[in-house]
Amino acid sequence: MTDKRRKDLLSGNEAIARGAWAAGVTFASGYPGTPSTEILENFARYPGIYAEWAPNEKVALDAAIGAAYAGRRALATMKHVGVNVAADALFYAAMTGAEAGLVVISADDPQMHSSQNEQDNRNYAKFARIPCLDPADSQEAHDMMPAAFDISEQFDTPVLVRPTTRISHSFTPVEFLDERLEIAPRVKKFPKTPQKYVMVPANARHRHPVIEDRIRALAAYAETSPLNRVEWRDTELGIVTGSVAYQHAREVFPNASILKLGMSYPLPMQMIADFARRVKRLIVLEELDPFFEEHIRLAGIPVEGKSIFPLCGEFTPTVVRNAAVEAGLLSAEQFVAPPETPRAMPDVPVRPPVLCPGCPHRGGFWAIKKLHLPVNGDIGCYTLGVVEPLNAIDTAGCMGAGIGVAHGAGKASGKKHVAVIGDSTFFHTGLPALANVAYNNSPVITVIMDNRVTAMTGDQPNPGSGQNLMGETAPRLELEPLVRALGIKHVKRVDAYDEKTVEDTLKAFKKLDEPSVLITERPCALLPEVRKTYLPLEVKADECDGCGVCLRTGCPALMKSADIHAESGRAKVEIDPTLCTGCDLCAQVCPSDAILFRVQMEESAHALPV
Amino acid sequence: MQTINFLLVGVGGQGVLMASNILASVGMMAGYDVKKSEIHGMSQRGGNVSSHVRWGEAVFSPIIPDAETDFLLAFEAMEALRYLPMLKRASVLLVDRHRIVPVTVTGGSAEYPAYEAIESVLRQVSDNFRWVDGADMAAAMGNSRVANIITLGLLSTYLNVADDVWKDAIARRVPKKFTELNFRAWEAGRALRRESAAVLMPAG
């Protein structure tokens, strides 16, 4: 025990970052995505490392693979759906292995707290023939990083580490040594072994049996690895579980024996068979897919899992408990029942996610709606253009999908479509789709909402920001010349707050039979430098007749006041000065000129005696 | 000992997460196993936020089971109503009178429940309901952001933890220039005192 041992309350993501640093990782690349984002943000603060945001997950993984080929321990981080984007890279890296440890973090999102699906990425481990580790708390998230790198190097394989939202974003105590492994590069020169690293068919055919042998060797390793363990208690009930489901199992079944799988692929089938033999009833408690359950059934071992516990959504102690009571595993009398709904329970108004006050995307949607065209959206804050009262988006599927869908729908139907995409998503996967629009001459109107950051995940810098993850100044990717270089002739950059020009430009583009691109420019209203410029606007109460047009922008700073317009009987509008940023959109759309513009506010402020 | 469960709820921007970080630190410094769980995501601003903090000898799930909340701290009045299945008769409910009106109400599609209705419902569920004027007290102290710390001060009167531990945890979590203000807020909350019907936790 040295004085360097410390204990702290860390989120799973902080613990992964610390564990990676302690394991001697020198290179990390990723793309932001909830719930993975904080891993790289934290890792970037450690000394002696290099960390970067890449434009997308595939580029990030290719970069990490390159670093591992060059003999440096490397990390790639992403959310579960990011692995879909990076899958091509994952599969060749599974074939080649590397010179130094390579770990890919896939942060899964059961319950879709912030995602379009809840795919279970343990399936990728099986698919690509690589091992997968599933931490059950922050301590494990920390400790599994050195373990993952050791496995990666011992078996010459990428390793998938799969936290879920409840692991990444929960805080639990972590004991750690405040020091890192200093690892010399494992190779001096970049490897010149094409039979291993050049996956032409002749070489790849030699590699395939190698990785099949490797996964068998890993299965043998899993039988004795401390990552998997049995906790013997009462043998009436035995539970195979892992990840956060292990914690729910301990909470709900305190007396049951547990086989806890820290390595969720490949599975220790002998260990499982031995455990099954010694318990009276065997169940699997796992979130999402019946992944353990199917392997166990294939081995001919009687087991129950998804016949008891839900397939969809995340587990909570209550979900597990109710399912267990239903299946007769527990009796309802063991628990206090939740209170009955009280008499005269009022409806509790929802607080839907909305575009922030001053969000530069709002005016774009206001104008797009007036075109009365189908709108294909994308993934980012601007997906919120779908909610009331804007209702401006008709589709949104995955990162970069909108432009492709607009093109296909437009070509097939002969109708004009609008595609809406943010700057970061455009760099991610929108660019090849826009090249397709140009190349195949599609009259799609593409609106790139450029707020200079990856806002949805917390304003991370991207290639358009002029800054990188290490805090250094970086070249700023310029959209207009880029779009023109694709062959698109009709390109216009407009201030996102200049509603009239945005509308006029879109109306002109609607008449065109060729591809067009409108770039609306304004930094995200939450950026620190923008916050300094907030200037709340005011309503001229004697001019407002309560028509409510401004309320249809969906700005949370606007509300109905207690002041009623005498003739119409409608409530006049007031502005919450703690929320208003002074973007002017409401003043521009007001038909009665009843809202003071920012310049008027500034003038009246100057007119005040000093 | 039994696990003690704290449910902190409010609206994005109110300091729910700051308060739960402090509370988790207090538990850890007082020698308990601690878990804290929250959800980030699409509700960056203006959405409802909840955070689960659990202290115990060994805490397993990061999520509080239904009907096992010992303390509900609501920093916004109607938010307390969203979590009824998590409550039990012995739950201590500390509910700030502060109202943050959601867009669904300003847009006219919903109505904000009256104070009387909120109180009546919560009293039907629990024996220990209490309004807190944290937001008003904080505003009177010159900084409405410390409302959450005032409620933590009141909460501390229900818990067997030394004052120093609380202050240490607060000092670690708030910006240095606001330490004194936060100490005063915590003390102002502490001066509100526990209602005698509620039990001191952990007992003894």
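So that the names make sense, note that chain A is the first sequence line, chain B the second, and so on, each numbered from 1.
- Each of A:Asp137, A:Val350, A:Leu558, A:Leu551 has some count of heavy-atom pairs under 4.5 Å with chain B, and the biggest count is that of A:Val350.
- Side chains of A:Arg166 and B:Ser37: a donor on one and an acceptor on the other come within 3.5 Å.
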Intermediate values then yes/no, side chain to side chain contact (heavy atoms under 4.5 Å, CB included), A:Lys7 and B:Met28: CA-CA 10 Å; A:Lys7 190 176 174 186; B:Met28 208 172 104; 4.2 Å; yes

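- Chain A forms the most heavy-atom pairs under 4.5 Å with one residue out of B:Ile118, B:Leu84, B:Val105, and that residue is B:Leu84.
- In terms of heavy-atom pairs under 4.5 angstrom with chain A, the leader among B:Ser25, B:Ser20, B:Ala67 is B:Ala67.
- Heavy-atom distances place no part of B:Arg89 under 4.5 Å from chain A, backbone and side chain included.
- Considering all non-hydrogen atoms of both residues, B:Ile63 and A:Glu314 come closest at CD1-OE2, 4.5 Å.
- A distance of 4.5 Å separates OG in B:Ser61 from NE2 in A:His248, rounded to the nearest 0.5 Å.
- Of the possible polar contacts, none joining the B:Gln124 side chain to the A:Pro342 backbone as a donor-acceptor pair under 3.5 Å is found.
- Ranked by heavy-atom pairs shorter than 4.5 Å toward chain B, the options A:Glu251, A:Met559, A:Arg552 are led by A:Glu251.
- Looking at B:Val53, there are no atoms closer than 4.5 Å to chain A (heavy atoms on both sides), in backbone or side chain.
- Of the two parts of A:Arg343, the backbone and the side chain both hold a non-hydrogen atom closer than 4.5 Å to a non-hydrogen atom of chain B.
- Rounding to the nearest 0.5 angstrom, the gap separating the CD atom in B:Glu38 from the OG1 atom in A:Thr165 is 11.5 Å.
- Contacts of A:Ala337 with chain B are made by backbone atoms alone, with heavy-atom separations under 4.5 Å and no side-chain atom involved.
- Each of B:Ala110, B:Pro65, B:Ser120, B:Ser51 has some count of heavy-atom pairs under 4.5 Å with chain A, and the biggest count is that of B:Pro65.
- The backbone N or O of B:Pro62 sits nowhere less than 3.5 Å from a side-chain atom of A:Ser170 that would complete a donor-acceptor pair.
- Between B:Glu111 and A:Asp347 there is no side-chain heavy-atom pair separated by less than 4.5 Å.
- Formation of a donor-acceptor pair under 3.5 Å by the A:Thr318 side chain with backbone atoms of B:Asp66 is found in this model.
- Neither the backbone nor the side chain of A:Ile167 comes within contact range of chain B; no heavy atoms are under 4.5 Å apart.
- Around atom CZ of B:Arg145, no more than 12 heavy atoms belonging to other residues, nucleotides or ligands sit under 6.0 Å away.
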Check against side chain to side chain contact (heavy atoms under 4.5 Å, CB included), B:Val103 and A:Glu388: CA-CA 10 Å; B:Val103 287; A:Glu388 293 276 351; over 6 Å; no

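- Rounded to the nearest 0.5 angstrom, A:Arg250 CZ and B:Phe60 CZ are separated by 3.5 Å.
- Using a 4.5 Å cut-off between heavy atoms, B:Glu68 contacts chain A through its side chain alone, with no backbone atom that close.
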Audit row: B:Val34, A:Thr172, side chain to side chain contact (heavy atoms under 4.5 Å, CB included) steps and yes/no: CA-CA 6 Å; B:Val34 169; A:Thr172 73; over 6 Å; no

Audit row: A:His169, B:Lys36, side chain to side chain contact (heavy atoms under 4.5 Å, CB included) steps and yes/no: CA-CA 9 Å; A:His169 286 170; B:Lys36 188 194 87 146; over 6 Å; no

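- No other option in A:Met345, A:Gln111, A:Glu340 has as many heavy-atom pairs under 4.5 Å with chain B as A:Met345.
- Both the backbone and the side chain of B:Ile100 come within contact range of chain A, with heavy atoms under 4.5 Å apart.
- A:Val244 touches chain B through its side chain: at least one heavy atom from C-beta onward sits under 4.5 Å away, while N, CA, C and O do not.
- Interface remark: of the candidates A:Pro346, A:Pro317, A:Pro338, A:Pro349, A:Pro349 forms the most heavy-atom pairs closer than 4.5 Å to chain B.
- Heavy atoms only, all atoms of each residue included: A:Pro339 and B:Leu87 are closest at CD-O, 3.0 Å.
- Most heavy-atom pairs under 4.5 Å with chain B, from the set A:Pro556, A:Gly548, A:Pro173: that is A:Pro173.
- Ranking A:Val573, A:Val252, A:Asp109, A:Val336 against chain B, the residue ahead of the rest is A:Val336, based on heavy-atom pairs under 4.5 Å.
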